[in-house]
Every structure is written in C-alpha cells, then in structure tokens.
Amino acid sequence: MYGSLWSVDRLVKRDMDGIEDIRGNYLRVLEQIDSAARSAGRNPATVRLLVVTKGHPVETVHQAVAAGIRLLGENYVEEALEKMQTLASQAIGSPGELEWHMIGHLQSRKARLVCQHFACLHSLDSLKLAERLDRFAAELGRKLPVLLECNVSGEQTKFGYPVWREDTWHEFVGEFSRLLELPHLQVRGLMTMAPFFDQPEPARPYFQRLRRFQAFLVKSLPLSDWAELSMGMSGDFTVAVQEGATLVRVGTAILGARDLRID
Ligand SMILES: *Cc1c(COP(=O)(O)O)cnc(C)c1O
C-alpha cells in the first residue's frame, strides 16, 4: 500500500516503519488490556489507553497520530505546547481530534496554560493549585476535568496526596470537599503511580490501595464523581486494569525508549 513512497525517499520509509511499529505496539497493548480486563470480569470498553509522548520528539507524536492514536499524555507543559503547536501548524490532528492530558507534576505558575491547552489534568495535588486552576478555567469559560494524584506508597520521590496510611484517610475529607466546591473544576477520580518494579505483580497492592481509597471517598463524599482511576504504566498496566484502572498511561511499551530527556 505504501509502495511508491517506500522507493522514493528513505526518510519517508523510516516514517512508515515508525508508524507500523507504533501501530503494532499499540494494538498489542490494547489486546493485553482487553485480556486483563476480561480476566477480572471487567468490560474492556471501560478502560482507555493514554499514550504518553513525553521525551519523544514531535516526529514520533506525528507517527503515533498516523497510527491512529488520539489520546495523548505529557508531563511537561512547555514540551507539550511545542508539540501541539508544531502538529497544528502541519494541520495534523485538527482541533478537537486529539485529546491531550497533563499527567506530570504541575507548578502553579503554569496553571493557566493547562486550562488553555489540555482536556484533563491527572496530577492535582493541592487546594492552592485547584483554586488557581478554577480561576483560570472561569476566565476561559470552561470546566476543567481533574484527577487527584495520590501517593499510595510513601515514596519520597512521588507527588500527590499522602494517602499511604489508611488510618489517616479521614483527614483528607475536609480539603477534598472544599476542592469539590470549586465551580470550574470537575473532579472525576484519582491517579497514582506505583513504585517501580521489574515485574507487574508487586505493584498490585498499591493499585488495590487506590481502589480502596476511591471506595472510601464514594462513602465519605457521595455526591461527587470518583469513577476514574488513572493507574498503570508500561511495566504494570495489566495488573492495574485487573484492579480497576479506567485510564492507563503507557509510553515506553508503545513508543520505545525516550530520548529527549530522562524523568
Ligand atoms: C512517564 C510516565 C508514564 C509512562 O511511563 P512508561 O513507563 O514509559 O509507560 C505514565 N505516567 C506518568 C505520570 C509518567 O510520568
């Protein structure tokens, strides 16, 4: 199908190879999500696959879009904006077609940019940041969907609400209920990162803990929507899906190793 292009230009051939590789990886991850969901008695259609493009050049994002990927995640606001602008200038992914989620730690001073350019923020971790986002979202006349990032492991290097001790959970209800009153934020659920292991299985207790915290919030703040659980990355998404993930954030397993910067 790509016959003429393959012969004329090695660059184009490299692009086509890239697209095919990404497409193959993407379909394989979708299949793994499918069977993990079924193995846990879940409907696979309730799990969305977010492809994490941080650390990859815009050419790779272009290939991912050509491979049929529309839901994209980035960690750094400036890096993401650069890619969005380049893609827009090449008329790739017309407005509304691509859905960008901000999944990395967000500094307050970049709150406005997130309101302007992202469909969802996974890493809300303070009332102060929430209030800033709410103000900018109001100015822009929109409601910003957000997830509350939770540190379920106690690792110092992780961001998020420190919820690893279950006997402290009641302490979060006050702050969360204030956050839920902000009219231009739409809290949809929770996000976490498990500690890094070289096997998926050891991550399971951390995903189970986030799920229990979700159940606690459903009971404590029942008028709100806690449905989304953003959890699972390349190394552990299968167990995350078994434990209830509705959004998995996968980079390396689809796009390969990152070369722009190390996180
Ligand atoms: C980088 C990153 C991912 C994707 O990690 P991979 O191991 O490459 O799949 C997911 N979530 C967050 C928050 C990240 O920073």
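- Salt bridge annotation for Glu79-Lys54: absent, with no cationic side-chain nitrogen under 4.0 angstrom from a carboxylate oxygen.
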Would Glu228 and Arg48 count as a salt bridge (charged side-chain N to carboxylate O under 4.0 Å, His left out) here? Give the steps.
CA-CA 10 Å; Glu228 297 277 11; Arg48 283 189 296 160; 3.4 Å; yes
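- Using a 4.5 Å heavy-atom threshold, the side chains of Leu210 and Leu229 count as touching.
- No continuous path of hydrophobic side-chain contacts links Leu113 to Leu140 [ILVMFWY only; heavy atoms under 4.5 Å].
- Leu129 and Leu180 fall within a single hydrophobic cluster, where Ile, Leu, Val, Met, Phe, Trp and Tyr side chains are chained together by heavy-atom contacts under 4.5 Å.
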Using ring-ring contact (aromatic ring centres under 6.0 Å, His included), reason through Phe216 and Trp169 one step at a time and then give a plain yes or no.
CA-CA 8 Å; Phe216 167 81; Trp169 282 354; 5.7 Å; yes
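- One hydrophobic cluster, built from ILVMFWY side chains closer than 4.5 Å, holds both Leu49 and Leu98.
- Donor-acceptor pairing under 3.5 Å is recorded for the side chains of Ser153 and Glu155.
- Under the 4.5 Å side-chain criterion, counting only non-hydrogen atoms from C-beta, Val250 is not in contact with Val52.
- Both Leu133 and Val187 are part of a single hydrophobic cluster, where members link through side-chain heavy atoms under 4.5 Å apart.
- Listed here is the closest heavy atom pair of Asp134 and Leu185: OD1-N, 3.7 Å.
- Side-chain N or O atoms of Arg23 include none that pairs as donor or acceptor with a backbone N or O of Gly68 at under 3.5 Å.
- A distance of 8.5 Å separates OG of Ser126 from CG of Leu179, quoted to the nearest 0.5 Å.
- Of the inter-residue distances, the one linking Asn75 atom CG with Leu106 atom CG reads 11.0 Å to the nearest 0.5 angstrom.
- In summary, the side chains of Gln214 and Arg212 do not present any donor paired with an acceptor at a separation below 3.5 Å, with no hydrogens or angles considered.
- By the salt bridge (Lys or Arg N to Asp or Glu O under 4.0 Å) test, Lys143 is found to be paired with no residue, residues two or more places apart in sequence or in another chain being considered.
- Contact check for His117 versus Met84: side-chain heavy atoms found under the 4.5 Å cut-off.
- The distance from atom CD1 of Ile103 to atom OG of Ser230, rounded to the nearest 0.5 Å, is 7.5 Å.
- Summarising the geometry of Val152 relative to Trp164, their closest heavy-atom pair is O-CB, 3.4 Å, with the distance given to 0.1 Å.
- The shortest distance between side-chain heavy atoms of Met231 and Glu243 falls below 4.5 Å.
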Go through the steps to decide whether Glu74 and Trp100 satisfy the test side-chain contact (heavy atoms from CB on, under 4.5 Å), and finish with yes or no.
CA-CA 7 Å; Glu74 282 278 345; Trp100 294 89; 3.7 Å; yes
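- Atoms NE2 and CG, from His101 and Leu72 in turn, are 9.0 Å apart once rounded to the nearest 0.5 Å.
- The structure places CG of Asp34 at 11.5 Å from CZ of Arg42, a figure rounded to the nearest 0.5 Å.
- No side-chain donor-acceptor contact under 3.5 Å links Arg249 to the backbone of Met233.
- A donor atom on one side chain and an acceptor atom on the other are not found under 3.5 Å apart for Glu149 and Thr192.
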Worked verdict on Val51 versus Val61 for side-chain contact (heavy atoms from CB on, under 4.5 Å)
CA-CA 10 Å; Val51 177; Val61 186; over 6 Å; no
Take Gln63 and Met16 through the test side-chain contact (heavy atoms from CB on, under 4.5 Å) and record every step on the way to the result.
CA-CA 8 Å; Gln63 291 172 355; Met16 291 301 176; over 6 Å; no
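- Leu247 and Tyr26 end up in different hydrophobic clusters when Ile, Leu, Val, Met, Phe, Trp and Tyr side chains are linked at under 4.5 Å.
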Show the numbers, then the answer: is there a side-chain contact (heavy atoms from CB on, under 4.5 Å) between Phe237 and Val29?
CA-CA 9 Å; Phe237 69 89; Val29 169; 3.7 Å; yes
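- Taking Ile, Leu, Val, Met, Phe, Trp and Tyr as members and joining any whose side-chain heavy atoms lie under 4.5 Å apart, directly or through other members, Phe136 forms no hydrophobic cluster with any other residue.
- Between Pro162 and Phe172, the shortest heavy-atom contact is O-CZ, 3.1 Å.
- Open room surrounds CZ on Arg178; 12 or fewer heavy atoms of other groups in view lie less than 6.0 Å from it.
- Atom OG1 of residue Thr53 and atom NZ of residue Lys83 lie 4.5 Å apart, to the nearest 0.5 angstrom.
- One side chain, Tyr161 or Glu175, offers a donor N or O that lies under 3.5 Å from an acceptor on the other.
- For the pair Val47/Thr246, no side-chain contact is recorded, criterion being any heavy-atom separation below 4.5 Å from C-beta on.
- Heavy atoms of other residues, nucleotides or ligands lying less than 6.0 angstrom from CZ of Phe197 number more than 12.
- Side-chain contact between Leu147 and Leu124 is absent, with no heavy atoms from C-beta onward closer than 4.5 Å.
- Minimum heavy-atom separation, Asp236 to Ala194: OD2-CB, 3.9 Å.
- For the residue pair Ser123/His105, the side-chain donor-acceptor check at 3.5 Å is not satisfied.
- Using a distance-only test at 3.5 Å, with no hydrogens or angles considered, no donor-acceptor pair links the side chain of Ser220 to the main chain of Leu217.
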Could you go through the salt bridge (charged side-chain N to carboxylate O under 4.0 Å, His left out) check for Glu99 and Arg70 one step at a time?
CA-CA 6 Å; Glu99 185 176 328; Arg70 296 291 177 269; over 6 Å; no
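- Judged by distance alone, the side chain of Arg188 and the main-chain N or O of Val146 form no donor-acceptor pair under 3.5 Å.
- Residues Lys158 and Pro195 come closest through the heavy atom pair NZ-CA, 4.1 Å.
- Closest approach of Val239 to Pro200, counting heavy atoms only: CG2-O, 3.4 Å.
- With contacts defined as side-chain heavy-atom distances shorter than 4.5 Å, the pair Trp226/Leu221 qualifies.
- The pair Glu201-Arg204 counts as a salt bridge, with a side-chain nitrogen and a carboxylate oxygen less than 4.0 angstrom apart.
- Within the 4.5 Å cutoff, side-chain heavy atoms of Leu182 are placed close to those of Glu131.
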